[in-house]
There are 2 protein chains.
Amino acid sequence: MDKKYTIKDIAQMAGVSKGTVDRVLHNRGKVSPAALEKINEVLNVIDYEPNLIARNLKSTKVYRICVLLPDPAFDPYWLPCVNGIQDAIVEFKAYNVIIETHYFNPESTKSFLKVNETIIAQSPDAVLLTPLFHKETVEIIKQYDELGVIVNTFNNEVESSSIKSFVGQNLHKSGRVAASLMNLILSEGQIAIIHIDESLKNAVHMQEKEKGFRNYFEEKELNDFSITTLKLKNSNIETKFASFLEENPDLTGIFITTSKAYQIASLLSSAKSKKITLIGYDLIEKNVNFLNQGLVHFLIHQNQKRQAYLGVSTLVEHFLFRKDIPETILLPIDIINVENASFYVS
Amino acid sequence: MDKKYTIKDIAQMAGVSKGTVDRVLHNRGKVSPAALEKINEVLNVIDYEPNLIARNLKSTKVYRICVLLPDPAFDPYWLPCVNGIQDAIVEFKAYNVIIETHYFNPESTKSFLKVNETIIAQSPDAVLLTPLFHKETVEIIKQYDELGVIVNTFNNEVESSSIKSFVGQNLHKSGRVAASLMNLILSEGQIAIIHIDESLKNAVHMQEKEKGFRNYFEEKELNDFSITTLKLKNSNIETKFASFLEENPDLTGIFITTSKAYQIASLLSSAKSKKITLIGYDLIEKNVNFLNQGLVHFLIHQNQKRQAYLGVSTLVEHFLFRKDIPETILLPIDIINVENASFYVS
DNA sequence: AATTTTAGTGTGCTCGAGCACATTTTTTGT
DNA sequence: ACAAAAAATGTGCTCGAGCACACTAAAATT
């Protein structure tokens, strides 16, 4: 029997009033040992679960959650996050929750700090942020901690004891996944790991992937490969990559650690197309186009949308349903090729 | 301004009582044209969304949902479904929903029909079922329709106008995904498509995958491959497969259309291990073990857990939140190799 | 012994939707 | 013009948790 008991039921069973039961349930004291015992006896027998609907109906407290992420105008990589947050907003619109999105310029720590000021001024109950800048993030979190604001992070894993929770992917492993796919297609030759990013703020992000990628080849002792790293900035991609191609005629594979695979694919398509295997990240439209053309072989899906969604929803559920906020949520590393891509684009 | 308006607010604004507003909102009639117009005016200006929490608190109606799936004791394939259903139960335990699971013997249409009788006797509000047997399913659904019981299906797509909603995967596409992976590893040789199943009730299921697999090779005009189909039953696997291996010394790849890849892997591991590429389905433990050993190269994740979860949750949300039940939910076809498997096993 | 303090207990309102029933207003019939 | 019927409208209770406040009873103080 999983009949649902109410406080009134318990009160009746214990022969007291619901006020007393309520005091016991919430340890508010002012209860005689006799009453306490009677109520506890009842509680031990039955399986009382408070009705969350009733609780949330009653509560007039409005929870305010701020999300801080880079402006998608700077990098479409962040666009799916906005959708994920929107999903959460829709899902919880019935409840007293306000979810606000704030953007910062991913190339400017100042912007990051400034927007954080704005958020603090709103005195939210919780903040979900993209900790792009290590030092600044740690500093900011200290502030939030002092104000009693719960902080959740996503996308970037920052090593710091001050960070209590994180939603994202294991980047090292995702590098390994990329490596395993590369090794499936190729059996020898030169492979380039290319880091492309406007600013180099994603450095840790990209390095982890590189480490994982190299780690795979080392562990398997695949000595017929040589792996080179190449760093490109938006301004110099064309010339630098062209000369790199010339200098490395044996190049057979490229692993792009950011969502900019399309830039390389585009250059390769215009160049004399040697067969070069391309593996990159993220299902942004341009990448998927090249996937469909066969120029990009695999994409690894980082599922930013779900990252953002989970980042928000764990916070909301913490407030509404008293659920614990998981320390780390690691999303699966989805392998995408031309055949299954359509099921992932949202 | 996204202030939340209540019926009381609307009543006040329109200068009527909440009872009248309620009648307008629910088209219960008994409203004068004058009042109707006043209320509609207000409704046009503001954006009223009923408070679902309050609605669900009030409603005393208990919704009963029955899930019908094969007994996992016959095939561990179904085990994750049970977990998915459990997840749904936990998620909605606060609401007036009873979710009951019923098992049938996947090898017996009689069992299927009998358990359906039991379910009908419970007069549930909705049923989620695994339509393993085409003819019987269509028949049963007719019964449910007459009784006004909503039917949702998952795992198997049954072609029938009587089926209104389905959660699963596109099997044809999943065959293509398997083919694309096979083609990545191999460039020529003989490939076997192996169907393994106790009963042959999964026939449609397996055939769709085969069609998709073959379709890929035909479309790409990959003429250096020859593709053979082999049907095995649990009783004759060992002998029949052994002789097949002997008769086909050029075999380079095997695509197993059910979750029984481990059986083939096990036979291959004991045989003189020629390099044969194995691609199968489902992250059941034995399969993952062989994945880790390198004997199985890829597994396609059918995500039964999520299928079952979504099958139930769409029904529940239909009742509780008046959401539409989607006609078809196609889950992504997850590609799993040894490097990313750990993130998918639940 | 009378009064104050305090520990313990119970009552009753709130949240918003939904709905039964009571009440008021309008219409119809004679 | 008046009663009866019908239509329209309003009132008030319910759901369960939570909490302020009122209340009772027992202990402490004068």
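Keep in mind it's a predicted model, so treat the numbers as computed, not measured. So you know, we letter chains A, B, ... as the sequences are listed, proteins then strands, and number each from 1.
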Between the two end axes of the helix from C:dA1-D:dT30 to C:dT30-D:dA1, each built from 5 base pairs, what angle do you get to the nearest 10°?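 Nearest ten degrees gives 70° for this helix.
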Any residue meeting side chain to side chain donor-acceptor pair (under 3.5 Å) with [X], in chain and number order, not counting sequence neighbours:
X	value
B:Asp87	none
B:Ser313	none
B:Arg64	B:Glu100, B:Gln122

Would you mind classifying the nucleic acid contact of B:Ile7 as base, sugar-phosphate or nothing, using non-hydrogen atoms under 4.0 angstrom?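 The answer is sugar-phosphate, as B:Ile7 gets under 4.0 Å only of primed atoms, P, OP1 or OP2.
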Ring centroid separation for A:Phe104 and A:Phe112, is it under 6.0 angstrom?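 Yes, the ring centres sit under 6.0 Å apart.
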Nearest whole angstrom, please: distance from the P of C:dT11 to the NZ of A:Lys8.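 A:Lys8 atom NZ is separated from C:dT11 atom P by 12 Å.
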Give a yes/no verdict on a cation-pi contact between A:Lys61 and A:Tyr63, requiring under 6.0 Å between NZ or CZ and the six-membered ring centre and an angle within 45° of the axis.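 Checked: cation-pi criterion met.
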Would you call A:Lys4 and A:Asp9 a salt bridge, using N to O less than 4.0 angstrom?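 A salt bridge is absent here (no side-chain N lies under 4.0 Å from a carboxylate O).
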Side-chain donor/acceptor of B:Gln169 to backbone N/O of B:Leu330, under 3.5 Å: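 Looks like no, no N/O pair under 3.5 Å.
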Shoot me the first and last contacting nucleotide of DNA chain D against chain A, ordered 5' to 3', at under 4.0 angstrom to non-hydrogen atoms.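 Result: D:dG16 to D:dC19.
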Nearest atoms (heavy-atom pairs only) where [X] meets [Y]:
X	Y	value
A:Phe321	A:Asn56	CE2-ND2, 3.4 Å
A:Ser165	A:Pro326	CB-O, 3.3 Å
A:Pro72	A:Tyr103	CD-CE2, 3.5 Å

So if I take residues 10-27 of chain B and measure heavy-atom distances to DNA chain D, which residues fall below 4.0 Å?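 Residues of residues 10-27 of chain B that come under 4.0 Å of DNA chain D are, in numerical order, B:Val16, B:Ser17, B:Lys18, B:Gly19, B:Thr20, B:Arg23.
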5' precedence on DNA chain D between B:Ser32 and B:Lys58 (nearest-nucleotide basis):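 Per heavy-atom nearest nucleotide, the more 5' residue is B:Ser32.
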Using heavy atoms to find the nearest nucleotide of DNA chain C for B:Glu49 and A:Pro33 separately, return the residue whose nucleotide is more 5′.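 Nearer the 5' end of the strand: A:Pro33.
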